[in-house]
Amino acid sequence: MSRSRLPVLLVLAVSLLVLASCQPLPVVVPVTTDPATSLYTIPFYDGANLVIDIAGPIVWSTCQRGHLPAKLPCKSETCKLANAYPVQGCRASGCGHDARKDRTSCTAYPYNPVTAACAAGSLVHTRFIANTTNGKNPVSQVSVRTLSACGTTKKLLASLPRGASGVAGLAGSGLALPAQVASSQKVAKKFLLCLPTGRANGDGVAIFGGSPLYLQYTGSLEYTESLQYTPLVARKDSPAHYVTVKYIAFENSRVPLPPRALATGGVVLSTTAPYTVLRPDVYRPFVAAFGKAVAAQWEYAQKPRQVKPVPPFGLCYDARTLSNTRLGYMVPRVTLALDSGKNWTMTGVNSMVNVKPGKACLAFVEMKAGDDGKAPAAVIIGVGGFQMENFVLQFDLEKKRFGFVKLPYYANCGHFNFTRSA
Ligand SMILES: *[C@@H]1O[C@H](CO)[C@@H](O)[C@H](O)[C@H]1NC(C)=O
Ligand SMILES: *[C@@H]1O[C@H](CO)[C@@H](O)[C@H](O)[C@H]1NC(C)=O
Ligand SMILES: *[C@@H]1O[C@H](CO)[C@@H](O)[C@H](O)[C@H]1NC(C)=O
């Protein structure tokens, strides 16, 4: 070996050692609930907050000065990834219109999940500014290279929270945020969500990359160890996250549903629907059975008094006639029995919502004709944000499984410690 090579080898060995000792850390951001829209937002880059849409295939925002065009040909792999799940009914023009432009201007389609507005946009280089984390605190600031679509029309932002400038898609597709953070930061393709209840309880937390999760005031409890899992079901026509529900039960009795009703479509998870929507053939028996189960629970005492339902809800009670507990109103627990044999069980905190002073309603709504058409494929149940709050949810896109665990009553998704450790 020549002498001049030795230092080079030494440097190489040392840098390999350094690399091995610094495992890439996952990335954390706070999650804020917007009380006006019940949507959740995360900070993305300076001054830009994006709505999180776990069914969204891309990241998009309104165009801003300083956005660098990605200049990708329409035929590139990345452009194909951006368009792997075409927005149904979106008639905005794009690639394939001008052969010269096709060589440098990939079109992607920002889509507003609330109004279903869409537009043609271009792909630009953006940076996701966040912090790395050890699962307990932020560690240091990172700037994650990302590609986003940028749209120029303001109508794309209608019905989104004030101050939001786009949508961060968290679906299973190649240009959704989890896949982009995974490839830029060399972390696992999975993410954790802990959605806060309202604003008063503080910001919730989203962590990209495999991570433990600790919350303040709960000693050294680590929540991902107690996750229960069920498979995530992939669909060809949709990048959203689906699970399979075998039956629905209140306490220990199954809700009588038409035969095979639950086998005729999917159960999709959604952060852009405030409450769980049920297809009418499931919703009606569900509400009837809940009413009966509430009455049966109070056989020997004064029964909770039903009041005129407040739309969009179909079953409401005089709140003074319900008992309140640390787990919310004392009503029969709602269980979604998943195909893994695990139960997703909700107590009053996740099943009853206070609407007007003195009125509490069953927080499930009937799917309207059109809701179903908007979804890419037949959907029986769209699990909404309210039903997911104060659960730790893990979407593992590598092992294709969904993990969930309800936080104990004394813990709260707003209790992540966002102070950097010294
Ligand atoms: C990173 O964490 C620090 C310390 O908590 C905080 O001040 C800063 O705003 C965080 N940065 C981002 C982009 O969230
Ligand atoms: C799931 O819930 C059903 C209905 O309440 C119950 O019969 C079953 O034992 C539960 N399974 C598990 C694993 O807890
Ligand atoms: C939050 O983290 C900081 C930094 O590690 C620590 O000093 C503080 O005590 C923590 N707060 C709580 C309530 O645990």
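Just follow the structure's listing: the first ligand is 1, and inside any ligand the first atom is 1. As a basis for the values below, the full set of heavy atoms in this structure was taken, side chains included, without hydrogen atoms, waters or symmetry mates. Residue numbers run from 1 in the order of the sequence given.
- At least one N or O atom of Phe418 sits closer than 3.5 Å to an N or O atom of ligand 1.
- Close approach to Ser421 involves these atoms of ligand 3, each under 4.0 Å from a residue heavy atom: 4 (C), 5 (O).
- The heavy atom nearest to atom 2 (O) of ligand 2, out of those in Asn343, Thr345, Ile248, is found in Asn343.
- Judged by distance alone, the side chains of Tyr223 and Gln394 never bring a donor and an acceptor atom under 3.5 Å apart.
- Using a 4.0 Å threshold on non-hydrogen atoms, atom 7 (O) of ligand 1 does not count as touching the protein.
- In Pro43, neither the side chain nor the backbone holds a heavy atom less than 4.0 Å from any atom of ligand 1.
- For the residue pair Thr321/Asp318, the side-chain donor-acceptor check at 3.5 Å is not satisfied.
- For atom 14 (O) of ligand 1, a protein heavy-atom neighbour is present inside the 4.0 Å cut-off.
- Checked by atom type, the side-chain pair Asn354/Tyr329 shows a donor-acceptor distance below 3.5 Å.
- Residue, atom and distance of the protein heavy atom nearest to atom 3 (C) of ligand 3 are Asn417 ND2, 3.5 Å.
- Near Arg420, meaning under 4.0 Å from one of its heavy atoms, ligand 3 places the atoms 4 (C).
- At least one heavy atom of Ile129 lies less than 4.0 angstrom from ligand 1.
- Taking the six-membered ring where tryptophan is involved, the planes of Phe286 and Phe364 are tilted, since the angle between them lies from 30° to 60°.
- In this pair, Phe391 and Phe404 present their aromatic rings tilted. The plane angle is within the 30 to 60° band.
- The residue Arg254 has no part lying near ligand 2, judged by heavy-atom distances below 4.0 Å.
- Of the N or O atoms in Asn252, one or more lie within a sub-3.5 Å distance of an N or O in ligand 2.
- Relative orientation of the Phe386 and Tyr275 rings is tilted, given thresholds of 30° and 60° on the angle between their planes.
- Within a 6.0 Å sphere centred on NZ of Lys303, heavy atoms belonging to other residues, nucleotides or ligands number more than 12.
- The closest approach between Gly341 and ligand 2 falls below 4.0 Å for a heavy atom of the residue.
- The SG atoms of Cys150 and Cys63 lie less than 2.5 Å from each other.
- Ring orientation note: the planes of His241 and Phe395 are tilted relative to one another, at an angle of 30° to 60°.
- At a 4.0 Å heavy-atom cut-off, ligand 2 touches Tyr247 through the side chain alone.
- Side chains of Arg333 and Thr345: no donor on one and acceptor on the other come within 3.5 Å.
- Across the listed options Thr419, Asn131, Ile42, Asn131 owns the non-hydrogen atom lying nearest to atom 1 (C) of ligand 1.
- The ligand atoms of ligand 3 that sit less than 4.0 angstrom from a heavy atom of Gln216 are 11 (N), 12 (C), 13 (C), 14 (O).
- When all heavy atoms are compared, the tightest approach of Pro30 to Ile42 is O-CG2, 3.5 Å.
- Using a 4.0 angstrom heavy-atom cutoff, Lys136 does not count as in contact with ligand 3.
- Among Lys246, Gln228, Glu251, the residue whose heavy atom sits closest to atom 5 (O) of ligand 2 is Glu251.
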